[in-house]
Amino acid sequence: MKKLGILFVILALLISACGTKEENKDKGAGNKDGVFTIGVIPAQTEGEMKGALDKLQNILSEKLDREVKITSYPDYNGVVEAMNYEKIDMAYFGPLTYVVAQEESGAKAIVTQLIKGEPFYYSYLITHKDSKYETIEDMIKDAKNVKFAFGDPSSTSGSLIPGIKLKDEGVYKSEAENDFKNVRFTGSHDATALAVQNKQVDVGAIDSAIYDKLVEEGTVDGKQFKVIWKSEKLFQYPWAVAKNTDKETMKQLQDIFLDIKDKEILDAFGATGFTKAENKDYESIRKAAIKEGMIKE
C-alpha cells in the first residue's frame, strides 16, 4: 500500500509539472495555441518593413522557443485595439498610442530603439526649400495662405506635439477650425514628406528620425527641404507587452532585443540599437495626451 501511495504522488507531480510546462508555453494575451503575436504600427510602408519583420519574427521564434507571428497594421489605432481586445501579446507603438494603450489595457513598455546612441527623437515642421518660410513664426504670420499637413491623427510627432504647439500659437483648434488655408492628415510620415517635396502642401509635421531615414534612403531628396521648427526631446517608440505577461518572458524579450545587431532590422526602425524602456519614460507624452483630452487624468 505504501508503494502504491508513493506511485500516486509521483504521478501527480509529473502531471503537475507537465501542466506547468504547457501553461508556460501558452503564456500570452489572447492566444491559447501558444503563438506569441506582435502588432506593429505603420512606421513606414508595409513593403519596406516586411523583410525586417520576417527576420525579427524568426529571431524571436528561435530565442523564445515558440512560434512568433508579427503583423503590420494599416493604422495606429488598430494596434491599440488589438492590445485592448487581447488579440496580441506585444506591440510596437508610437509614444501616444502607447500611453493610450497603457491607460486602457495596462500595456507595459519594455524596450525602445536607440537613434545614434540615444532613445530620443523630435517632431519637425518641414517645408520646401523654395518656401518663403524660414521659421515657424514666418508660417504663423502667413497662416491663411498655408496648406498644412499632419500625419496620422494618433501620431505623437506627426499630430499631437505639433498640434499642441499650433494651438498654443492660436492658429489651430481642429481640422475643421483653424486659421490655415487648409489642413489635411496624410496618414503617415513618408506621405507627409512626399507631399511637401511635391508642393502639394506648404508645411508638414514629421518624425525627425523617420525624416532622416527617408532622406538617407533616397525616398525623398533632402536638398528639397527646410526644417522650420523642432520640438523638445521625445522618448522613442516603445515595444510593449500585454499586462499579464510574466517577468521571465519580459526579461527574455529585453535580452533578445538588446542583442539584435542585424542591420536590416535596425534600419527598418531607423535604429542603431535597442535599449530598455519603462512606463515612466513616457510621462511627458501622457501629460500631453491628458491636455488634449485623449486620456483622463
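Bear in mind that the values here come from a model prediction, so they are computed numbers and not experimental data.
- In this structure a side-chain-to-backbone donor-acceptor pair under 3.5 Å is present from Asp138 to Thr135.
- Residue Val171 comes nearest to Ala143 through the heavy atom pair CG1-CB, 4.4 Å, listed as atom of the first residue, atom of the second, then distance.
- Two residues are said to be in side-chain contact when any heavy atoms from C-beta on lie closer than 4.5 Å; Trp239 and Phe274 meet this criterion.
- In summary, the aromatic rings of Tyr172 and Phe150 are positioned with their centroids under 6.0 Å apart.
- Side-chain contact annotation: Thr186 with Thr192, donor-acceptor N/O pair under 3.5 Å present.
- Not one N or O on the side chain of Asn198 forms a donor-acceptor pair closer than 3.5 Å with the backbone of Gln200.
- A salt bridge is absent between Asp202 and Lys181; no separation between the charged side-chain nitrogens and carboxylate oxygens falls under 4.0 Å.
- Within the 4.5 Å cutoff, side-chain heavy atoms of Val100 are placed close to those of Glu104.
- Between Tyr73 and Gly39, the shortest heavy-atom contact is CE1-CA, 3.7 Å.
- The distance from the CD atom of Glu278 to the NZ atom of Lys280 is 4.5 Å, given to the nearest 0.5 Å.
- The shortest distance between side-chain heavy atoms of Val111 and Lys276 does not fall below 4.5 Å.
- Put simply, OG on Ser105 and CD on Glu81 are 9.5 Å apart, with the number rounded to the nearest 0.5 Å.
- Between Phe235 and Phe120, the ring center distance clears the sub-6.0 Å criterion.
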Just do the salt bridge (charged side-chain N to carboxylate O under 4.0 Å, His left out) check on Arg184 and Glu175 with the steps written out, would you?
CA-CA 7 Å; Arg184 61 185 279 197; Glu175 185 177 3; over 6 Å; no
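- Of all heavy-atom pairs between Lys69 and Val35, the closest is CB-CG1, 4.0 Å.
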Let's go through Ile285 and Tyr98 carefully: what are the C-alpha distance in whole Å and the side-chain angles of both, what is the deciding distance for side chain to side chain contact (heavy atoms under 4.5 Å, CB included) to 0.1 Å, and is it a yes or a no?
CA-CA 9 Å; Ile285 303 300; Tyr98 166 66; over 6 Å; no
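- To the nearest 0.5 Å, atoms OG (Ser157) and CG (Asp152) are separated by 10.5 Å.
- Formation of a donor-acceptor pair under 3.5 Å by the Asp259 side chain with backbone atoms of Ile256 is not found in this model.
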Test log, rule side chain to side chain contact (heavy atoms under 4.5 Å, CB included), inputs Lys63 and Gln252:
CA-CA 8 Å; Lys63 297 290 179 71; Gln252 276 185 295; over 6 Å; no
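- One N or O on the side chain of Thr112 and one on the backbone of Gln236 form a donor-acceptor pair closer than 3.5 Å.
- The two atoms that bring Ile210 and His189 nearest to each other are CD1-CD2, 3.4 Å, heavy atoms only.
- One N or O on the side chain of Lys108 and one on the backbone of Lys243 form a donor-acceptor pair closer than 3.5 Å.
- Looking only at side-chain heavy atoms (C-beta outward), Ile228 and Glu134 stay at 4.5 Å or farther from each other.
- Here the side chains of Lys87 and Thr37 are not in contact, with every heavy-atom distance at 4.5 Å or above.
- Gln254 places a side-chain N or O within 3.5 Å of a backbone atom of Ile110 that can act as its donor or acceptor partner.
- For Tyr211 and Phe225, the ring centers are positioned less than 6.0 Å apart.
- One distance of note links CG of Asn84 with CG of Asn77; it measures 9.5 Å at 0.5 Å rounding.
- Rounding to the nearest 0.5 Å gives a distance of 9.0 Å between CG of Leu253 and CE of Met250.
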Passes side chain to side chain contact (heavy atoms under 4.5 Å, CB included), Glu103 versus Ile290? Steps please.
CA-CA 11 Å; Glu103 181 72 17; Ile290 290 170; over 6 Å; no
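- Taking the centre and axis of the six-membered ring of Tyr124, the NZ or CZ atom of Lys230 falls outside the cone set by 45° and 6.0 Å.
- A donor and an acceptor atom, one from each side chain of Tyr133 and Asp142, are located under 3.5 Å apart.
- Linking Ile, Leu, Val, Met, Phe, Trp and Tyr whenever their side-chain heavy atoms come within less than 4.5 Å leaves Ile41 and Ile115 in two separate clusters.
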Could you go through Tyr92 and Phe269, starting from their C-alpha distance and side-chain angles, then the distance that decides it, and tell me whether this counts as ring-ring contact (aromatic ring centres under 6.0 Å, His included)?
CA-CA 10 Å; Tyr92 176 62; Phe269 300 99; 4.8 Å; yes
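- Residues Met139 and Phe180 form a side-chain contact, since some pair of their non-hydrogen atoms from C-beta on lies under 4.5 Å apart.
- Note that CD1 of Ile161 is 8.5 Å distant from CG of Leu96, once rounded to the nearest 0.5 Å.
- The closest side-chain donor-acceptor pair between Asn58 and Ser61, if any, does not fall under 3.5 angstrom.
- In this structure, the side chain of Thr97 engages the main chain of Gly94 through a donor-acceptor pair within 3.5 Å.
- Between the side chain of Gln197 and the backbone N or O of Asp221, at least one donor-acceptor pair lies under 3.5 Å.
- Thr249 contributes no side-chain N or O that, together with a main-chain N or O of Thr245, makes up a donor-acceptor pair within less than 3.5 Å.
- Within the 4.5 Å cutoff, the side chain of Leu56 has heavy atoms near those of the Ile70 side chain.
- In this structure, a donor-acceptor pair under 3.5 Å is absent between the side chains of Asp207 and Tyr122.
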Show the numbers, then the answer: is there a salt bridge (charged side-chain N to carboxylate O under 4.0 Å, His left out) between Glu169 and Lys165?
CA-CA 6 Å; Glu169 295 291 343; Lys165 174 63 176 176; 3.0 Å; yes
Please walk me through it: do Tyr121 and Tyr237 pass ring-ring contact (aromatic ring centres under 6.0 Å, His included)?
CA-CA 9 Å; Tyr121 73 115; Tyr237 294 35; 5.4 Å; yes
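- Side-chain atoms of Gln102 and Asn279, non-hydrogen and from C-beta on, do get closer than 4.5 Å to each other.
- Minimum interatomic distance between Val99 and Arg286 (heavy atoms only, all atoms of both residues): CG1-N, 4.0 Å.
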Please test Asp168 against Lys291 for salt bridge (charged side-chain N to carboxylate O under 4.0 Å, His left out), starting from the C-alpha separation and ending with a verdict.
CA-CA 12 Å; Asp168 290 344; Lys291 181 176 180 180; 3.6 Å; yes
Is there a side chain to side chain contact (heavy atoms under 4.5 Å, CB included) between Val241 and Asp89 once you walk through the steps?
CA-CA 6 Å; Val241 293; Asp89 303 298; over 6 Å; no
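- Closest approach of Pro162 to Gly158, counting heavy atoms only: CG-C, 4.0 Å.
- Here the side chain of Thr272 pairs a donor or acceptor atom with the backbone of Lys116 at under 3.5 angstrom.
- One hydrophobic cluster, built from ILVMFWY side chains closer than 4.5 Å, cannot hold both Leu114 and Leu234; they sit in different ones.
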